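Let me begin by presenting the structure, written as C-alpha cells, before commenting on it.
Remember, predicted model here, so these are calculated numbers, not experimental data. Letters go in sequence order (proteins before strands), and every chain restarts at 1.
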Protein chains: 2
Amino acid sequence: MRFDRELLKGTTETFLLAALAESPCHGYQLVEQLKRRSDGIFELGEGTVYPLLYKLEAKGWIKGQWDSDTALRRRRVYRITPRGRRQLAQRTRQWEELVRGMTLILKGAAHA
Amino acid sequence: MRFDRELLKGTTETFLLAALAESPCHGYQLVEQLKRRSDGIFELGEGTVYPLLYKLEAKGWIKGQWDSDTALRRRRVYRITPRGRRQLAQRTRQWEELVRGMTLILKGAAHA
DNA sequence: GGTGTATACTATGTTATACGAGGTATCGAC
DNA sequence: GTCGATACCTCGTATAACATAGTATACACC
C-alpha cells in the first residue's frame, strides 16, 4: 500500500527502534527488515533510513559498530541501548493512545 | 496526553473530515468537538484548525457557508461533501493499514 | 458606560520530517 | 571486465502542525 507520506511522520523512528529491539541490524538490511516485518506495508528508502540512524545514535538510543569480522563488505551494525528501549516503550504507549483516539473519532464518523 | 507533534502529522485532516462527517460544524466549535470526541486525547489549536479548513475546502472535500441566520456572531459552518466522504473512507483504510503494520512491528519488538 | 471574558475568524513565520535523487565503493558471477 | 547486488552517504525540497499575534462582536457585571 502506498501511504500519504505525512501519515508516516513520527512513526518512522519507532519502526527502527522496534526493529533493532528485536535484533541488531545494519542499515541496508533494515530497509528489507521493515518491509518484511510489516507484511509489505512499509517501504522506507535508504535516504530515509540512514539519516535517521545517525540521529538515533546521536540521541543515544542506538549504538553502531563497524563489523569487519564476519562481514564481506564493511557495514555498520546497530544495536538498541537501554535508553533506546525506554524510548521505545514510551513511544509505544503514545502510539496506542493515538490509536485509541483515532478509533473513537473514526467510529463516530462511520455510523453518522 | 501530550504527543510528539510529528506523530499527528497526516492524521489531522482525517480528524476534521471525520468530525464533519458526523455533523456540520464551524471552526471554533471543531476545536472543542475534537477534544471531546477523542476523550481529551487530541487538542488542536485554532492556528492548526482554521488553515486546514481552508485547505480542505480548496480541495472540495468540505464546503463552508456563512451562517448569519441562527448565529449571534458571523461564523462559517462547514459540511462534508460527497468527495469528502470518499476521501475519508480512503484515509480510514490507510489508517487501518498503518495500524496493522505498526502492530506487527511493535509486537515483534515486545517479545524480543 | 466602561471593562472583561468568551466567541469566532484570519494570517504569518518556524521547525523538522520523510523522501527523492544522486553519488561512492566493494564483491561475486558470467 | 562488465554487470548487478550489496552497502553506505548526502543534499535539496515540500509540507505539516503549531505558536503567536491580530481583528471583531456579544454579553454580563459593576
Side-chain angles (χ1 to χ4, degrees), chain A residues 2-17 24-36 38 41-59 62 64-78 91 94 98 101-102, chain B residues 1-17 24-35 38 41-59 62 64-78 91 94 98 101-102:
Chain A
R2 194 54 59 247
F3 285 104
D4 281 346
R5 122 187 343 204
E6 295 299 329
L7 194 53
L8 290 178
K9 284 200 176 170
T11 62
T12 354
E13 290 185 7
T14 310
F15 287 0
L16 296 190
L17 286 176
C25 230
H26 61 276
Y28 193 81
Q29 195 180 5
L30 269 172
V31 176
E32 296 300 316
Q33 281 275 330
L34 287 171
K35 185 174 169 184
R36 183 181 59 77
S38 71
I41 294 173
F42 306 123
E43 297 185 38
L44 299 183
E46 298 174 46
T48 301
V49 168
Y50 285 110
L52 224 58
L53 286 174
Y54 309 147
K55 187 184 157 191
L56 294 179
E57 185 169 29
K59 294 201 173 186
I62 64 176
Q65 211 167 359
W66 284 109
D67 177 10
S68 47
D69 304 331
T70 63
L72 296 172
R73 285 167 207 77
R74 65 161 197 158
R75 60 192 192 186
R76 200 161 170 77
V77 175
Y78 290 94
R91 280 161 182 267
Q94 273 200 29
L98 176 66
M102 275 297 272
Chain B
M1 176 175 241
R2 191 64 50 250
F3 285 103
D4 281 347
R5 116 178 358 195
E6 296 300 329
L7 194 53
L8 291 178
K9 285 201 175 169
T11 63
T12 353
E13 290 186 6
T14 310
F15 287 180
L16 296 189
L17 286 175
C25 229
H26 60 276
Y28 193 82
Q29 196 179 3
L30 268 173
V31 175
E32 296 300 317
Q33 282 274 331
L34 286 172
K35 185 174 167 183
S38 72
I41 294 173
F42 305 123
E43 297 184 38
L44 299 184
E46 299 174 44
T48 302
V49 169
Y50 284 110
L52 224 58
L53 287 174
Y54 311 146
K55 187 183 158 192
L56 293 179
E57 185 169 28
K59 294 201 172 186
I62 64 175
Q65 212 167 359
W66 285 109
D67 176 11
S68 46
D69 303 330
T70 63
L72 297 173
R73 286 166 209 80
R74 66 162 195 156
R75 61 191 190 186
R76 200 160 169 78
V77 175
Y78 290 94
R91 280 161 182 267
Q94 273 200 29
L98 176 66
M102 275 297 271

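Within the 4.0 angstrom heavy-atom criterion, base atoms lie near B:T48. At the heavy-atom level, B:G47 lies under 4.0 Å from base atoms of the strands shown. If you check every strand for non-hydrogen atoms under 4.0 Å, A:Q29 touches nothing.
Following rounding to the nearest Å, B:Y28 (OH) and C:dT7 (P) show an atom-to-atom distance of 4 Å. Between B:H26 atom NE2 and C:dA6 atom P there is a gap of 16 Å when expressed in whole angstrom units. The interatomic distance linking B:L52 (CG) with C:dT10 (P) rounds to 14 Å, in whole Å. The separation between B:E6 atom CD and C:dC19 atom P is 12 Å, rounded to whole Å. One can place CZ of A:F42 at 12 Å from P of C:dA18, the figure rounded to the nearest angstrom. Whole-Å rounding puts the A:L53 CG to C:dA18 P distance at 12 Å. For the pair B:R73 CZ and C:dT10 P, the interatomic distance rounds to 15 Å; values are reported in whole Å. Atoms CD (B:E57) and C1' (C:dC9) sit 13 Å apart, rounded to a whole Å.
In this structure, B:K9 pairs ionically with B:E6, as a charged nitrogen and a carboxylate oxygen lie closer than 4.0 Å. Note on B:E57 versus B:R76: salt bridge recorded, some NZ/NE/NH1/NH2 to OD/OE distance being below 4.0 Å.
In terms of phosphate contacts, A:K55 brings no side-chain nitrogen or oxygen within less than 4.0 Å of OP1 or OP2 of C:dA16. Checking the phosphate oxygens (OP1, OP2) of C:dT10, a side-chain nitrogen or oxygen of B:Y54 falls inside 4.0 Å.
In this structure, A:K9 and A:P51 both approach DNA chain D, and ranking their closest nucleotides by distance from the 5' end singles out A:P51. Between A:R76 and A:R5, the residue whose closest nucleotide on DNA chain D is further toward the 5' end is A:R76.
B:T14 has its side chain within reach of A:M102: a pair of non-hydrogen atoms, C-beta onward, lies under 4.5 Å apart. Taking 4.5 Å as the limit, every side-chain heavy atom of A:Q29 sits out of range of all side-chain heavy atoms of A:R75.
The span of DNA chain D lying next to chain B, judged by atoms under 4.0 Å from heavy atoms, is bounded 5' to 3' by D:dA16 to D:dC27.
To the nearest 0.5 Å, atom OG1 of residue B:T11 and atom CG of residue B:L16 are 9.5 Å apart.
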Review point. Run the side-chain contact (heavy atoms from CB on, under 4.5 Å) check on B:T12 and B:F42 step by step: do they pass?
Key: CA-CA 10 Å; B:T12 353; B:F42 305 123; over 6 Å; no
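At least one donor-acceptor pair under 3.5 Å links the side chain of A:Q94 to the backbone N or O of B:D4.
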